[in-house]
2 protein chains.
Amino acid sequence: MATSTRFAVAIHILTHISLRHGQAVRSEDIAHSVNTNPAVVRRILGALAAAGLTQAQLGQGGGALLAKPVAQITLLDIYRAVEEPPTFALHRVPPNPDCYIGRNIIPVLESEFGRLSAALDDALAATTMADIVGRVEANAGTPYRADGV
Amino acid sequence: MATSTRFAVAIHILTHISLRHGQAVRSEDIAHSVNTNPAVVRRILGALAAAGLTQAQLGQGGGALLAKPVAQITLLDIYRAVEEPPTFALHRVPPNPDCYIGRNIIPVLESEFGRLSAALDDALAATTMADIVGRVEANAGTPYRADGV
DNA sequence: CTTTAATGTAATTATGTTGGTTACACGATA
DNA sequence: TATCGTGTAACCAACATAATTACATTAAAG
């Protein structure tokens with residue numbers, strides 16, 4: 001199981017917006033930081049906005065803003081916003097119902113995969129964007145400057 | 001997220017072999033239960049064998065056998081055998097090193113994704129094939145019969 | 001020793017997902 | 001009203017997955 005890069009990019013995007021402290025950030029500026037296309041950033045921002053994590057300021061001087069305080073945005077919120085469930089996939093084609101194992105293993109897998117997903121959710125919920133932003137600044141050693149360099 | 005079905009199929013395969021109690025099982029019989037092609041089963045069995053979980057009995061009357069007791073095969077062993085790391089992907093293209101965030105977020109993501117992977121590993125290691133086989137039999141209500149129906 | 005049954009593995013193909021790109025309609029601000 | 005920026009659709013290249021076919025190899029049975 002490999003997640004898409006959307007989760008990592010979404011965290012990057014939210015970190016970028018967070019460090020601007022309420023100033024709207026253009027998708028083009030974020031794209032420059034992420035090293036990708038503005039439309040890719042807007043697509044992910046669309047998912048984050050649908051989940052109530054960000055909001056868009058249209059028009060001149062507009063851009064993306066946080067819709068919630070950084071301490072109230074968990075990695076679980078972000079993960080659910082940008083990654084398609086399920087995390088653990090069952091058989092592409094259902095197993096043979098005429099076989100003892102094929103007939104009985106699906107509920108066992110569903111239950112076990114549910115337990116694994118719940119464990120992952122717990123781990124994801126334990127970190128907020130406030131933690132991430134704090135670690136990025138700690139890693140940099142210097143505070144973020146308005147020019148972003 | 002396009003998760004592979006290999007993990008679910010590998011558990012199915014090992015359950016099948018376990019229920020035969022030491023009798024070699026042909027890839028064709030397993031494929032019939034999983035509802036797929038014998039070559040697909042053999043490919044997954046190859047990964048499981050490389051991880052030391054199964055072994056092949058070549059020639060007439062041959063097939064797949066467990067290489068360890070069921071209680072000593074954890075879901076973590078299986079997951080690592082058939083899924084490619086990493087579970088959580090970073091940016092496809094590295095972020096812009098000329099940007100404060102692009103320059104400092106990667107170590108933060110690596111550390112956080114490491115923590116998430118470790119949490120998932122803990123959850124995976126908590127279940128063994130003995131648990132899975134027991135639940136399949138409990139779900140069936142009747143013990144497994146030699147004809148597999 | 002020969003036949004037969006089974007695995008191991010490579011090559012090919014179909015399908016789906018991801019992310020990059022372009023394009024353009026829509027909304028908001030100056 | 002002109003301009004700026006978002007939202008979103010359409011398209012494409014790259015990649016992953018799994019189904020399929022084919023065949024060399026190995027071991028048991030006669």
Side-chain angles (χ1 to χ4, degrees), chain A residues 1-10 12-13 17 20 23-32 34-51 54-65 67 82-96, chain B residues 1-10 12-13 17 20 23-32 34-51 54-65 67 82-96:
Chain A
M1 175 193 70
T3 57
S4 68
T5 65
R6 286 195 299 271
F7 184 47
V9 173
H12 186 145
I13 290 171
I17 301 173
R20 292 292 186 88
Q23 181 185 350
V25 190
R26 301 184 310 155
S27 63
E28 188 179 340
D29 293 336
I30 299 174
H32 190 246
V34 174
N35 242 345
T36 185
N37 192 292
V40 171
V41 172
R42 289 202 290 272
R43 202 184 298 157
I44 293 175
L45 277 170
L48 296 174
T54 63
Q55 60 189 44
Q57 173 83 30
L58 292 187
Q60 191 172 18
L65 295 166
V82 302
E83 293 287 348
E84 285 296 314
T87 302
F88 298 93
L90 292 176
H91 305 56
R92 177 182 285 188
V93 172
N96 187 351
Chain B
M1 166 170 43
T3 61
S4 111
T5 65
R6 288 194 298 270
F7 184 48
V9 172
H12 185 145
I13 290 171
I17 301 173
R20 291 292 186 86
Q23 181 186 351
V25 190
R26 301 184 310 156
S27 63
E28 188 179 341
D29 294 336
I30 298 175
H32 190 247
V34 174
N35 240 347
T36 186
N37 192 291
V40 172
V41 173
R42 288 203 289 271
R43 203 182 304 152
I44 293 176
L45 277 171
L48 296 174
T54 63
Q55 59 189 46
Q57 173 83 30
L58 293 186
Q60 192 171 19
L65 295 165
V82 302
E83 294 286 348
E84 284 296 314
T87 301
F88 298 93
L90 292 177
H91 305 55
R92 177 183 286 188
V93 172
N96 187 351

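Naming: A, B, ... by sequence-line order, numbering from 1 per chain.
In this structure, A/I13 places its CD1 atom 13 Å from C1' of C/dG19, rounding to the nearest Å. The distance from atom CZ of B/R6 to atom P of D/dA19 is 11 Å, rounded to the nearest whole Å. In this entry the distance linking CD1 of A/I44 with P of C/dT18 reads 11 Å, nearest Å. Between the P atom of D/dA18 and the NE2 atom of A/H91 lies a distance of 11 Å, rounded to the nearest Å. Distance A/E83 CD to C/dG19 C1': 13 Å, rounded to the nearest Å. If you measure from atom CZ of A/R92 to atom P of D/dT20, you get 11 Å, rounded to the nearest angstrom. When rounded to the nearest whole Å, the span between CG of A/N35 and P of C/dG19 equals 15 Å. Remark: P of C/dT7 and CD1 of B/I17 are 10 Å apart, rounded to the nearest angstrom.
For B/R26, the side chain to side chain contact (heavy atoms under 4.5 Å, CB included) partners are B/E28, B/D29, not counting sequence neighbours.
Rounding to the nearest 0.5 Å gives a distance of 12.0 Å between NE2 of A/H12 and CG of B/L90. If you take CZ on A/R6 and CG on A/L48, they are separated by 11.0 Å, rounding to the nearest 0.5 Å.
The closest side-chain donor-acceptor pair between B/R42 and B/S27 falls under 3.5 angstrom.
Proximity of B/V93 to A/T36: side-chain heavy atoms (C-beta onward) are nowhere separated by under 4.5 Å. Side-chain contact between A/I17 and A/L45 is present, with heavy atoms from C-beta onward closer than 4.5 Å.
Taking only side-chain atoms of B/Q60, from C-beta outward, the nucleotide of D/dA29, D/dA18, C/dA30 with the closest atom is D/dA29.
Under 4.0 angstrom from either OP1 or OP2 of D/dA18 there lies no side-chain N or O belonging to B/T36.
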Enumerate all atom pairs, one protein N or O and one N or O from nucleotides 6-9 of chain D, separated by less than 3.5 Å.
unit_1, atom_1, unit_2, atom_2, d
D/dT6, OP1, A/S27, N, 2.6
D/dT6, OP2, A/S27, OG, 2.9
D/dG7, N7, A/R42, NE, 2.9
D/dG7, O6, A/R42, NH2, 3.1

